[in-house]
Amino acid sequence: MRFALTDDQITLRDAVGDLLAAECPPAVVRAAWPGGDQEPVDRLWTALAEMGVLAAMVPESAGGLGLTEVDLVPVLTAAGYAAVPLPLAETAAVAGPLLAALDDPGGHLAALTEGRCRIALAGPTALVPYGQRADLALSTHGPDGPRLIRLAAATTAPVPTVDGSRAALRLVDQTAAGPSAGTRLDIGDDLLALTADRATLAAAAHLVGLGRRLLDLTVAHVGTRHQFGAPIGSFQAVKHQLADALLGLELAAPMVLAAAWATATGAATRAADVSAGYLLAADAAERAARVALQCHGAIGYTVEYDLHLYAKRVWATTAATAGTDAHLDRLGTALGLPAATTDPGGRP
Amino acid sequence: MDLRPDPVDEQFRAEARDWLRTHRPARPLPSGDTRDGFAAHLDWERQLFDAGWAVVSWPRRYGGREASLWQWLIFEEEYAAAGAPQRVTQNGIFLLAPTLFEFGTDEQRDRILPAMAAASQLWCQGWSEPGAGSDLAALTSRAVRDEAAGGWRLTGHKTWTTRGAFCTHLFGLFRTDPQQRRHRGLSYFLVPLDAPGVTVRGFGRFDGDEGFADVFLDDVFVPDADVIGEVGAGWRVAMATTGSERGLTLRPPGRFTAAAARLVELAAARPDRLTGRLREQVVRAWLGARAYHLFTLAQVTRMLDGDPPGAASSLNKIHWSELDIALHRTALELLGPDAELDAGWTRGFQFSLAGPIYAGTNEIQRGIVAERLLGLPRR
């Protein structure tokens, strides 16, 4: 038993963290909003590709790094901390290993590992976050089964979302898109479930990083902002909110890492652990966002200030992931709990 | 990173499980916070000691089996899962003993630890005072130097002393230098409760058990041999103990994973009452216990790498105390009208309400987290 990252895992995480601190400061997240300059956003993708991050979970035989979820989750947490405005998790943690497992249908893997191909995920309502910034959309909800859709050939419409840096679009009519729009994917049930769990795990890792960024931003603010003749961070009411935000994140992080381990090792507890990690991470990140806004006061409630970049990403990320109820239900079933009753007994 | 259990540890687990399932009392003992229940618990604890399970992580010379930190966690898991009785010796074993290991002399360790492990010396904690509570630095009980006798004369009033009326000894903080303010000038003393000048008065807790005591000290003599650590350094010694109290040693995760498993069983047995809201509460309570378990595994790995938990134990304390209430509150809802019975989950619920208060209130813990882990400014 050893519950700690290896030196290699720490080295990779820190290298990506350093890269993101340099290439993905708040100004770059801001540039990803509509009307911004796309150049630094594209440069960020190239830098991530050069580090091998995009192909982290592609086997070495296919030109990747051959790493596992345990290696990638700390990287995705760092990406969440930076609010990377690109389909990084979708490409690296979900589509990459899936395409590799399917023997590269459509022949996109080489482009993916070289950073010439970005793959976004289509949700159940055909909404594709990062779709405007992606080449392909992986859809597992479409009417004719899982597909890899070439976005340039599909009928799509850009849509405004709460987090403008997600540059989302909607697939207008997936059936009418026709065969030219993409490739049908023959995914077995087990691989489909694994793919869904990887997407959830990636979201959980992002949320832990986002929560930590919001907390750090707030700690820095309340240490310098004075009211009533003292830094507001010295007030007990402020301290207690931030302590609770930290507690949530500190409890969620090991659960998410354990879920990564369960996924990487094919443990029987995978489904329960992934749901558990997601539930804790989502709660912790949402709490951090609320606390961050409250402790900033009106300063935080502006688009000039950076807080909204990270808070809105929290809400967008949780919206795009299968809801809280679904994960609670799955965990309850894994625990052997009967379905909920609508007619509580015990009344006199 | 490797979350697979070590085969040697699993062997230890199997051995502990086997012994506990065979030897645990067939029926639940009466509350250890009553006089009769305390005596019944001591019988059990002596059985534990005779079989070598009383203090698994201690050196053999003091009655332990030198189990690793992992194995100690495993033992606590198995102990809770077997439904074995709460340890009434816990304040000595989990709070004083770590302090003796760190700050005691060889003579003190040899004299006290074997007797503590064998449940013949029974220790209670003498920290709280009516005017202090979680503000330990406000203690006023004092110790005056008696040079001729080679010791100290203690006077004061300790209160809310858990199982004080049934214990034989008390460890506590007393002010040795009245010129020094707050946390300076305190020293850590050991006091036999049958010493001349000691008066102990038991009184009922919130849940009705006579588990609390006032301890009045009137010019009680304590020799130099019963000072732990340096005179005047009591605060530092005590803080090491509060870390144990808030963190792992007093409340390892096995207790909560076992309670969560029982809650899940209760819910599965009462499908008629399991509304969506209660089902969610059950799942979240289980999740809280699982998260604490994993948080602890990561913490233990760091400790074995040489990084003590320090202020992080305040995070443990806030989490397990609030989790404990949530677990019990959910069970009461599943029980429905039977939750009114003064038994089982209802008793546990009442006790869980003390969790955010003892070992330093959760308000104090949040302050520690904010200042020492987040670096927020002091007032």
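Every chain is numbered from 1 and lettered A, B, ... according to where its sequence line falls, protein lines coming before strand lines. Note that the coordinates shown come from a computational prediction; the quantities given were computed from them, not determined experimentally.
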Requested in this report: Could you check whether the rings of A:H327 and A:Y278 sit parallel, tilted or perpendicular, using 30° and 60° as the cut-offs?
Outcome: tilted
Query raised in the report: Quick check: does any side chain N or O of B:D135 sit under 3.5 Å from a backbone N or O of B:A132, one acting as donor and the other as acceptor?
Result: no
Query - Backbone N/O of B:Y358 and side chain of B:K317: donor-acceptor pair under 3.5 Å - result: yes
Query raised in the report: Picking from A:L242, A:V291, A:L210, what satisfies side-chain contact (heavy atoms from CB on, under 4.5 Å) with A:L215?
Result: A:L242
Tell me, side chain or backbone of [X] under 4.5 Å from chain B's heavy atoms, or both, or neither?
X      : answer
A:A230 : side chain
A:S275 : neither
A:D329 : both
A:I232 : neither
A:A272 : neither

With a 4.5 angstrom heavy-atom cut-off, could you sort out which part of [X] is near chain A: side chain, backbone, both or neither?
X      : value
B:D305 : side chain
B:E371 : side chain
B:V282 : side chain

**Report entry** Contacts of residues 258-269 of chain A with chain B (heavy atom under 4.5 Å)
**Finding:** A:A258, A:W261
Query raised in the report: For chain B, which residues from residues 218-228 of chain A have at least one heavy atom closer than 4.5 Å to it?
Result: A:V219, A:V222, A:G223
Report task. Determine the option with the most heavy-atom pairs under 4.5 angstrom with chain A, choosing from B:G367, B:A298, B:A291. Result -> B:A298
Report summary line: Rounded to the nearest 0.5 angstrom, the OG1-CZ distance for B:T330 and B:R277 is 8.5 Å
Query raised in the report: Taking every heavy-atom pair that is under 4.5 Å apart, which of A:D325, A:D283, A:T324 has the most such pairs with chain B?
Result: A:D283
Requested in this report: Step by step, work out the salt bridge (charged side-chain N to carboxylate O under 4.0 Å, His left out) result for B:R255 and B:E77.
Outcome: CA-CA 7 Å; B:R255 176 185 177 123; B:E77 263 175 47; over 6 Å; no
**Report entry** Cation-pi geometry met for B:R65 and B:W53 (6.0 Å, 45°)
**Finding:** yes
